[in-house]
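Below: the structure, in structure tokens.
These values consider heavy atoms only, across backbone and side chains, with no hydrogens, waters or symmetry-generated copies. Each chain gets a letter, A, B and so on, in the order the sequences are listed, and its residues count up from 1.
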Amino acid sequence: DGGITQSPKYLFRKEGQNVTLSCEQNLNHDAMYWYRQDPGQGLRLIYYSQIVNDFQKGDIAEGYSVSREKKESFPLTVTSAQKNPTAFYLCASSTPTGLTDTQYFGPGTRLTVL
Amino acid sequence: EDQVTQSPEALRLQEGESSSLNCSYTVSGLRGLFWYRQDPGKGPEFLFTLYSAGEEKEKERLKATLTKKESFLHITAPKPEDSATYLCAVLAGGYQKVTFGTGTKLQVIP
């Protein structure tokens, strides 16, 4: 089955720790994205990558880092510099079709800081 | 700056009671408007992409329409399983950045 997988589903972090969220896709999509979702707010873009070994900051990149060493994988590290990391994190991927790209989402990872 | 506003924030319907959700947008150079369905604790599920004013798309009890300023998601004779949060998003200009609305939480009561 083609799709996007995220792991783990739930993640607990102690203050001061870095944690890495996994995102893998087998859709052969070129672009991948990380969003953060908080109650009452729209999805906010953290980072995105249009090709391997290249990525751009989104609206709320501070305290986060990413890598794109393989087309299929786009891991997100939440560093200790992120002041309020408790949130639902969503990974998405897309590939250009005509004038636009439709993004498809993974199941999400819920991160809680203890 | 691109803006997307969804209304109402929450909607409660009786089973079979048709209604519409609204997505108003302010963008420069719309390239696509997207509708997603999101169940609690899950990732958004893609429903529709609309590209230009006047376009309509349908899927089961859902029909999405687009004008130059807004999009509507019409729900005909909804069932309890249609209960979810419906998200609207736009892609505009020369960038890859998609702007999302805050969603409409729909509850369909048997």
Residues 14-21 of chain B, side-chain donor-acceptor partners within the protein, below 3.5 Å, at least two apart:
from	atom 1	to	atom 2	distance (Å)
B:E17	OE1	B:Q14	N	2.9
B:S18	OG	B:A77	N	3.0
B:S20	OG	B:H74	ND1	2.7

*Test item: B:Y36 side-chain N/O and A:Q103 main-chain N/O as donor-acceptor pair under 3.5 Å*: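 Yes.
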*asked:* Does any backbone or side-chain atom of A:L45 lie under 4.5 Å from a heavy atom of chain B? Answer side chain, backbone, both or neither.
replied: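 Side chain of A:L45 only, per the 4.5 Å heavy-atom cut-off to chain B.
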_Does any backbone or side-chain atom of A:Q6 lie under 4.5 Å from a heavy atom of chain B? Answer side chain, backbone, both or neither._
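Answer is neither: A:Q6 stays 4.5 Å or more from chain B.
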Same hydrophobic cluster for [X] and [Y], using side-chain heavy-atom links shorter than 4.5 Å among ILVMFWY?
| X | Y | value |
| --- | --- | --- |
| A:I46 | A:Y104 | no |
| B:V4 | B:L47 | yes |
| B:Y86 | B:L13 | yes |
| B:I75 | B:L11 | yes |
| B:L91 | A:L43 | yes |

*Quick one: which of B:Q6, B:E9, B:K42 has the most heavy-atom pairs under 4.5 Å with chain A, could you say?*
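Among the listed options, the one with the most contacts to chain A is B:K42.
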*Sorted by first residue and then second, give each side-chain hydrogen bond (donor to acceptor under 3.5 Å, both in side chains) pair with at least one member in residues 10-24 of chain A; sequence neighbours left out.*
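Pairs touching residues 10-24 of chain A that pass the test: A:T20-A:T77, A:E24-A:S73.
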*Any residue meeting side chain to side chain donor-acceptor pair (under 3.5 Å) with A:D38, in chain and number order, not counting sequence neighbours*: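 Result, side chain to side chain donor-acceptor pair (under 3.5 Å) vs A:D38: A:R36, A:R44.
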*Reported CD-to-CZ distance for the pair B:E45 and A:F105, which is rounded to 0.5 angstrom*: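 Result: 12.5 Å between the selected atoms.
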_Spatial distance of atom NZ (B:K97) from atom OH (A:Y48) [nearest 0.5 Å]_ =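 Rounded to the nearest 0.5 Å, the NZ-OH separation comes out at 9.5 Å.
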*Measure across A:L90 and B:G43 and return the closest heavy-atom pair with its distance rounded to 0.1 Å.*
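Minimum heavy-atom contact is CD2-CA, 3.6 Å.
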*What is the minimum heavy-atom distance between B:F34 and A:D101, and which atoms define it?*
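So the two residues come closest at CZ-O, 3.1 Å.
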*Assess whether atom CZ of B:R61 is packed by more than 12 heavy atoms of other residues, nucleotides or ligands within 6.0 Å.*
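Yes, because the 6.0 Å sphere around CZ of B:R61 holds more than 12 heavy atoms from other groups.
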*So which residues of residues 99-110 of chain B are in contact with chain A at a heavy-atom cut-off of under 4.5 Å?*
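So far as heavy atoms go, B:F100, B:G101, B:T102 are the residues that approach chain A to under 4.5 Å.
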